[in-house]
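Chain A is the first sequence line, chain B the second, and so forth, proteins listed ahead of strands; every chain is numbered from 1.
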There are 2 protein chains.
Amino acid sequence: MFVYFITMTEEKKDTEQTIKEAAKKIFLVNGLKGARMQAIADEAGINRAMLHYYFRTKDKLFEVIFSDAMTEMNQRMGAIITSDLPILKKIEHFVHGYSESAISNPEFDLFIINEFRQNPTYFDEMMKTSNAGTVIKGFASEIEKAIDKKEIVGNPNQIFLSIIALCIFPFAAKTMVRTMLGHSEKQYTKLLEERKDFLMQFIIKAITP
Amino acid sequence: MFVYFITMTEEKKDTEQTIKEAAKKIFLVNGLKGARMQAIADEAGINRAMLHYYFRTKDKLFEVIFSDAMTEMNQRMGAIITSDLPILKKIEHFVHGYSESAISNPEFDLFIINEFRQNPTYFDEMMKTSNAGTVIKGFASEIEKAIDKKEIVGNPNQIFLSIIALCIFPFAAKTMVRTMLGHSEKQYTKLLEERKDFLMQFIIKAITP
DNA sequence: GTCTATACTCGGATAGAC
DNA sequence: GTCTATCCGAGTATAGAC
């Protein structure tokens, strides 16, 4: 009897984890509205009813997946930004770190941009409660300080916006850019790999006095 | 009888145009799948059945709206890029021209990025048949020539990608960036206005030898 | 051309047997 | 915990009266 209970618990954990991984995959590609419970079930190798048994509703499942993804993201970015380094080094770390994580998670950027757009108030709330807001504001204020110290030149918000644009856009608009350039998947991956170094040159030239 | 016929024709044209404008508005914000026929009907001040009477299906309506929007876009961009100017002037015109058109049509960028992603083959085809491909390739090859002539430095594809990233991202990711910066709609609009000039400084510094 | 009513399909959610 | 069957709402599309 006891053994049976343990087994059930472990199986439950496994199934829950399997569902989460499947759901993450499907939600990242299709968004909340675009994702189909059937697709998640197929991906997890179970049937739809199981999804509801474990997570009650589609919205609740999404909520879990999404806050997990955000937490993971914040931790990664936070570690880079809050490190104790001169501004150019910090930007370099940010650019490299961001590119690395985006390469292994290429759907994330466009997903976030779209979900933000569709539910601004939800994210507004989240920015206040999570540490994402702190991390970003920290980075922005570091840029501001560096401008005051004449280490770099320009408007802080514009510089911040430009850095994230240069990092994020190639992933968010991947399909569009690939089509525009007429690149294969492989060619474009190479472009993104090489971009890590290109970007540092580009950004440093643009913002040093 | 003749008068009646004319009237019908004109009314048909008006209704058709009204529907198109309403559909454009709704599709741009919600995408093909996200848009509701009821929302388009409401926007146009008619009922759903009329939409089907004029355009048969949702997909067909979308197709019409979409190719119109692309054509308009291509013409605007084409005029800027194919003008006979030195490369830095041409980039300046592109940046300003793009920003202007994006400010008056802020939903367009994210819409295109998403629809591209959801139907890559359709766009692949369109790039070949329309003049969009030619326009883009023209711009890219101008950059390449300028690099050969040592007027600017860097990898042509990376430079092209960087320029469009800097232009498009602030509009495509508007809601996200606004939330990140904690800006009001008004503050963000001001940022975008000022960005036109900031960007030229930024880009020129980054790519001149 | 325009409207109302209705058919049909898809997808999320629940009931109930095992 | 897991499955099958079923419900129910939403949304596209059509029929048919005017």
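At dG1(C), none of the side-chain N or O atoms of T15(B) fall inside 4.0 Å of OP1 or OP2 (strictly under the cut-off). Contact annotation: Y54(A) side-chain N/O to dT2(D) OP1/OP2 distance is under 4.0 Å.
Put simply, CZ on F55(A) is 12 Å from P on dT2(D), counting in whole angstrom units. Going from atom CD1 of I26(B) over to atom P of dG11(D) covers 13 Å, rounded to whole Å. One interatomic measurement links the two molecules: CG of L51(B) to P of dT2(C), which rounds to 11 Å at whole-angstrom precision. Atom P of nucleotide dT2(C) and atom OH of Y53(B) are separated by 7 Å, given to the nearest angstrom.
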Considering only distance and modelled atom types, tabulate donor-acceptor pairs under 3.5 Å from the side chains of residues 40-48 of chain A, sequence neighbours left out.
residue, atom, partner, partner atom, Å
D42(A), OD1, Q38(A), NE2, 2.8
E43(A), OE2, K25(A), NZ, 3.0
N47(A), OD1, A49(A), N, 3.1
N47(A), OD1, M50(A), N, 3.3
R48(A), NE, Q38(A), OE1, 3.1

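Partners of D59(B) by side-chain contact (heavy atoms from CB on, under 4.5 Å), not counting sequence neighbours, listed by chain and number: L32(B), T57(B). Applying the side-chain contact (heavy atoms from CB on, under 4.5 Å) criterion to Q187(A), with sequence neighbours excluded, gives H183(A), S184(A). Every side chain to side chain donor-acceptor pair (under 3.5 Å) that Q158(B) has, sequence neighbours left out, goes to R195(A). Residues satisfying the side chain to side chain donor-acceptor pair (under 3.5 Å) criterion with Q118(B), sequence neighbours excluded, are absent altogether. Evaluation of the side-chain contact (heavy atoms from CB on, under 4.5 Å) rule for T134(A) yields N131(A) as partners, not counting sequence neighbours.
Taking the six-membered ring where tryptophan is involved, the planes of F160(B) and F139(B) are perpendicular, since the angle between them exceeds 60° and thus also 30°.
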Treat primed atoms plus P, OP1 and OP2 as sugar-phosphate and everything else as base, then score nucleotides 12-18 of chain C 5' to 3': B for base contact with protein heavy atoms under 4.0 Å, S for sugar-phosphate contact only, - for none. BBB----

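The stretch residues 40-47 of chain A touches DNA chain D through N47(A), each having a heavy atom within less than 4.0 Å of the strand.
Residue pairs that meet the ring-ring contact (aromatic ring centres under 6.0 Å, His included) test with at least one member in residues 26-45 of chain A, sequence neighbours left out, are F27(A)-F62(A).
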